[in-house]
2 protein chains.
Amino acid sequence: MDAMTTLAPPVSTPALMEAVAAVSAAYFLDFAAAAGRHGLSSSQAKALGVVLEPVPMRALAGRLGCDASNVTGIVDRLEGLGLARREAAASDRRVKIVTITDQGHEVLLKIRADMTRAHRALDSLSEEQRAGLLTMCRQLLPLLGN
Amino acid sequence: MDAMTTLAPPVSTPALMEAVAAVSAAYFLDFAAAAGRHGLSSSQAKALGVVLEPVPMRALAGRLGCDASNVTGIVDRLEGLGLARREAAASDRRVKIVTITDQGHEVLLKIRADMTRAHRALDSLSEEQRAGLLTMCRQLLPLLGN
DNA sequence: TATTGTTATACTCTATAACTATA
DNA sequence: TATAGTTATAGAGTATAACAATA
């Protein structure tokens, strides 16, 4: 039994949610700003990260958490910028596979390298928030079958 | 200087970024879904959370990470739903203060309660979501000083 | 019949620029 | 002159519904 365990009491759910919200908000704003500096919307940049591995349009919608009809426009614009491309699937001719291009890969790496504020956001968490995240991880692990 | 501080030093690593990205994506999708169930967009719900304390329009824009011109429409819709209201500032007649209403407070609490339930409903997670959470916990735990 | 991707439609979010009323 | 909020505009994201091609 270490000191951390004794110091991390049953953290209230609100405190835990605050910690996650604080980190998430900082991360999202940072991500959107970094994408914008490289001429992409956050949705486009997020999609670019998903298609690092070739993904069907439908599955991409699932990963982005939006309806399939939206993916058409998002991939249209990425394709127009030369950052991704559609390819026909061999097994099912209804399916189109989205793949990142070399140029897209370069842009994605630049965006990720640009993200630094999220680091500082996590560093600047209050001790209660930090304890909340720690407790969350400890509670989730056994529930996830670990 | 207490034990918590020594045990949880500031950390900045690529693994940490991945963990933050995973938790942020999960949180955002959860938040947007919970807001939608109560008839609000994620921007509207986020704004509602900010104005728990009265906030000038300009400051609200800063907190939302968007241009001030957008806040007009967002608050218009919240006001139309009876969830927030504008009030004149006493010190500066150019300024309008946005405040949450009792009804808005109720809706916000329902949304947040909804998220807590969603986070706890691990059984309903997809395999992909489950894997993402597991990875996040494993990466975040040691970096938090455990 | 069911599924994949697309299109059409309508609403919201977003930034830019111009406007007003205050300071 | 500078600032707070609004309006006008245009581009992008979003869901719903309907459609053609394919399974």
Side-chain angles (χ1 to χ4, degrees), chain A residues 25 28-51 54-81 83-99, chain B residues 25 28-51 54-81 83-99:
Chain A
F28 181 76
L29 290 178
D30 194 18
F31 180 73
R37 271 177 244 126
H38 294 273
L40 296 186
S41 70
S42 54
S43 287
Q44 291 167 350
K46 188 177 177 186
L48 210 51
V50 172
V51 299
V55 169
M57 297 286 284
R58 206 91 193 173
L60 179 53
R63 294 284 296 275
L64 295 180
C66 70
D67 190 83
S69 61
N70 304 314
V71 181
T72 299
I74 295 173
V75 174
D76 278 351
R77 289 168 205 114
L78 286 178
E79 213 166 18
L81 293 169
L83 306 182
R85 62 170 177 276
R86 288 172 169 90
E87 294 176 353
S91 56
D92 187 333
R93 279 167 37 186
R94 294 174 302 180
V95 175
K96 295 181 184 175
I97 309 288
V98 188
T99 310
Chain B
F28 181 76
L29 290 178
D30 195 15
F31 180 72
R37 271 177 243 126
H38 295 273
L40 297 186
S41 70
S42 54
S43 285
Q44 290 167 350
K46 187 178 178 186
L48 209 52
V50 171
V51 298
V55 169
M57 297 287 284
R58 207 91 192 170
L60 178 53
R63 293 284 295 275
L64 296 180
C66 69
D67 190 84
S69 62
N70 303 315
V71 180
T72 299
I74 294 173
V75 173
D76 278 351
R77 290 169 204 114
L78 286 178
E79 213 165 21
L81 293 169
L83 307 182
R85 62 170 177 275
R86 291 171 168 88
E87 293 176 354
S91 57
D92 187 334
R93 279 167 38 187
R94 293 173 302 178
V95 175
K96 296 180 184 176
I97 309 287
V98 188
T99 310

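Side chains included, hydrogens not; waters and symmetry mates left out as well; all remaining heavy atoms used. Within every chain, numbering begins at 1; the chains are lettered A, B, ... in the order of the sequence lines, protein sequences first and strands thereafter. Computed from a predicted structure; not experimentally measured.
The closest donor-acceptor contact from the side chain of B:Arg93 to the backbone of B:Ala89 lies at 3.5 Å or more, if one exists at all. Put simply, the side chain of B:Arg77 gets close to the backbone of B:Gly73: a donor and an acceptor are under 3.5 Å apart.
Look at CZ on B:Phe28: it is 13 Å from P on D:dG13, rounded to the nearest Å. Per the geometry, CG belonging to B:Leu60 stands 15 Å off C1' belonging to C:dT14, to the nearest Å. In this structure, A:Arg58 places its CZ atom 7 Å from P of C:dG5, rounding to the nearest Å. In this structure, the CE atom of A:Met57 is 19 Å from the P atom of C:dT3, given to the nearest Å. Atom NZ in A:Lys96 sits roughly 14 Å away from atom C1' in C:dT3 (whole-Å rounding). As a whole-Å value, the separation of B:Leu48 CG from C:dC13 C1' is 17 Å.
Within the model, atoms CG of A:Leu60 and NZ of A:Lys96 stand 13.5 Å from one another, a figure rounded to the nearest 0.5 Å. Between A:Leu78 atom CG and A:Arg86 atom CZ the span is 9.5 Å, to the nearest 0.5 Å.
Taking the salt bridge (charged side-chain N to carboxylate O under 4.0 Å, His left out) definition, one finds that B:Arg94 meets it with B:Asp92, sequence neighbours left out. Annotation: salt bridge (charged side-chain N to carboxylate O under 4.0 Å, His left out) contacts of A:Arg58 (sequence neighbours excluded): none.
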With the criterion being N/O to N/O and under 3.5 Å, what pairs connect the protein with nucleotides 20-23 of chain C, and how long is each?
| residue | atom | partner | partner atom | Å |
| --- | --- | --- | --- | --- |
| C:dA23 | OP1 | B:Arg93 | N | 3.2 |

Dot-bracket pairing map - DNA chain C, Watson-Crick plus G-U, both contacts under 3.5 Å, | cross-strand
|||||||||||||||||||||||

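Using a 4.0 Å cutoff on non-hydrogen atoms, the parts of residues 66-77 of chain A near DNA chain D are A:Cys66, A:Asp67, A:Ser69, A:Asn70, A:Ile74, A:Arg77, ordered by number. Residues from residues 38-47 of chain A placing a heavy atom under 4.0 Å of any atom in DNA chain D, listed by number, are A:Ser41, A:Ser43, A:Gln44.
Taking 4.0 angstrom as the limit, B:Arg86 places a side-chain polar atom (N or O) nearer than this to OP1 or OP2 of D:dT6.
Projected onto DNA chain D by closest heavy-atom contact, B:Ile97 and A:Leu64 fall at different nucleotides, the more 5' of which corresponds to B:Ile97.
With respect to A:Glu87 and A:Arg85, a salt bridge is recorded, a charged nitrogen being found less than 4.0 Å from a carboxylate O.
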